[in-house]
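Single-structure report; data block below.
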Protein chains: 2
Amino acid sequence: MTSCQQCVVRNRAICSSLSAPELEVLNKIGRRVPVHRGQTLMWEGDDSLLVANVIDGVLKLSTSTADGREQIVGVVYPSDFIGRPFGSTTQHSVTALCDAQVCLFTRSAFDDFARTHPELEHKLLQRTLTELDRARHWMLLLGRKSAGERVATFLLEMAQRLADASCSGGDAVERFELPLTRQQMADLLGLTIETVSRQLTRLRQAGIIDLPDRRTVVILDHEAMEAEAGNG
Amino acid sequence: MTSCQQCVVRNRAICSSLSAPELEVLNKIGRRVPVHRGQTLMWEGDDSLLVANVIDGVLKLSTSTADGREQIVGVVYPSDFIGRPFGSTTQHSVTALCDAQVCLFTRSAFDDFARTHPELEHKLLQRTLTELDRARHWMLLLGRKSAGERVATFLLEMAQRLADASCSGGDAVERFELPLTRQQMADLLGLTIETVSRQLTRLRQAGIIDLPDRRTVVILDHEAMEAEAGNG
DNA sequence: CGAAAGGTTGAGTGCTGTCAACGTCCGTGG
DNA sequence: CCACGGACGTTGACAGCACTCAACCTTTCG
């Protein structure tokens, strides 16, 4: 039986605000659930019935237009929180990009627990404020950056986030596996799959990155990447 | 002397969570400040030293690329909260779109007060969650919608928000004043000023809207607008 | 009245999307 | 083991939407 005490995201997730006896209670209302790659945990427009902490894996948050154009509005990693507490509907779908594990709560039980645990709400507030900053920052990319800048910015951000998640002391990793397909990259960057592919090829031919296989990226020239990303 | 008790946003802002004696304390750490049109209250990248409630007027939140391209990432109205509590830097500039009034706090004083008033933090959390939903919804527009859809979506959303702010029972108003110039609309929609102007002209010539003067919009055919916006 | 700011319209270009063909990887089943 | 099929990815040709550059109009304000 898995308990919160042994949870791998214990010290990073919002649960880190809780004492041992509080964790006992939370343990009772949550349950660990596996999510398979491609499985959708919540659907855009649905009643908000569930919230969760990501324990392992990567998931995407996405919305679509009426005619099916998709935009990925967030990518979440272990220790991130998903779902819409204190609200009636979920504004975006949540889908696993790889096999994942989440710690699932019914929204009502979570809401009740959170309302009586200010420290937990504070952690959630901090996390939400950070997510809002991140979302707004992404709006600059979607509204104002060229295809080349978008792809470069994405690769740099991915390197940085994976570095934060691992233990490399904050330095961006220079080699990593993409958790996204080309189509998903396109949906995140507001581009088409062909444009993403062409920009990756261009960066590779310019000697700025290497692509040993379809999922692996090696950043060869970090400075040139910053220039490509429009941070200059 | 103005007190919180008489504040026009008293019942809508996050302060609505507070009792009379608590308001007394808040009154002491905040002060009402006028902001002139065009004046920037906070700068992107600055240390986060101030937060505020909007009392009157409309302000924009914006970020820029290194070479000066601007993206508006949010528009705030009376009762909205601005600034970055519990964080070291402000991620976007805040600028008044018309003469405005805000209730200003130093971040440290506000943080301290919030940390000891869970009900206030709860209100702030709800507000932040709503803003996050709104920002993510806007990402769909920036990433996937055409110029025509963006302009139509913007006008519909503006009509809805002004309806929510007034007392029209939730029905969108059919006639309103834009708080934005064409350039600001372009910066919000991720377009150029010329494209915005052309799309407005197109909607007017199609008989879907009227533009009595440069700042006034009349929605003549709400259904056609929904279609133009790409909503089903 | 003149200047500046804001807005509209036109002509032309180019970036990115569309459509299509082909290539690569990988799991499945003969 | 190999053939096959499907998912994923790359590349090319072409078109079109939105951007750029430019001229001109309207409103505002000193």
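Side chains are part of it too, since the values below use all heavy atoms of this structure and drop only hydrogens, waters and symmetry mates. Note that this is a predicted model, so its numbers are computed, not measured. The chains referred to below are lettered A, B, ... by the order of the sequence lines, with proteins before strands, and numbering in each begins at 1.
Side-chain contact annotation: B:S62 with B:S93, donor-acceptor N/O pair under 3.5 Å absent. When only modelled atom types and interatomic distance are considered, B:Q71 and B:T63 share no side-chain donor-acceptor pair under 3.5 Å. Looking only at atom types and distance, the side chain of B:T130 has no donor-acceptor partner in the side chain of B:D133 under 3.5 Å away. Side-chain contact check for A:K145 and A:T153: at least one donor-acceptor pair (N or O, by modelled atom type) lies under 3.5 Å.
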Classify every nucleotide of nucleotides 18-25 of chain C by which part a protein heavy atom approaches to under 4.0 Å, writing B for the base, S for the sugar-phosphate alone and - for neither, in 5'-to-3' order. BBB---BS

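A:R204 places no side-chain N or O within 3.5 Å of a backbone atom of A:L211 that could act as its donor or acceptor partner. The backbone N or O of A:R84 lies less than 3.5 Å from a partner atom in the side chain of A:S48, making a donor-acceptor pair. The main-chain N or O of A:L188 is found under 3.5 Å from a side-chain atom of A:W138 such that the two form a donor-acceptor pair. A donor-acceptor pair is defined here as one N or O able to donate and one able to accept, closer than 3.5 Å; no such pair exists between the side chain of A:Q91 and the backbone of A:E44.
Within the 4.0 angstrom heavy-atom criterion, only backbone atoms of the sugar-phosphate kind lie near B:G190; the bases stay farther away. Looking at heavy-atom distances under 4.0 Å, B:L200 makes no contact with the nucleic acid at all.
Rounded to whole Å, atom P of D:dC8 lies 18 Å from atom CG of A:L211.
Near DNA chain D, meaning a heavy atom under 4.0 Å away, there are no residues from residues 141-155 of chain A.
Of the side-chain N and O atoms in B:T201, one or more sit less than 4.0 angstrom from OP1 or OP2 of C:dT9.
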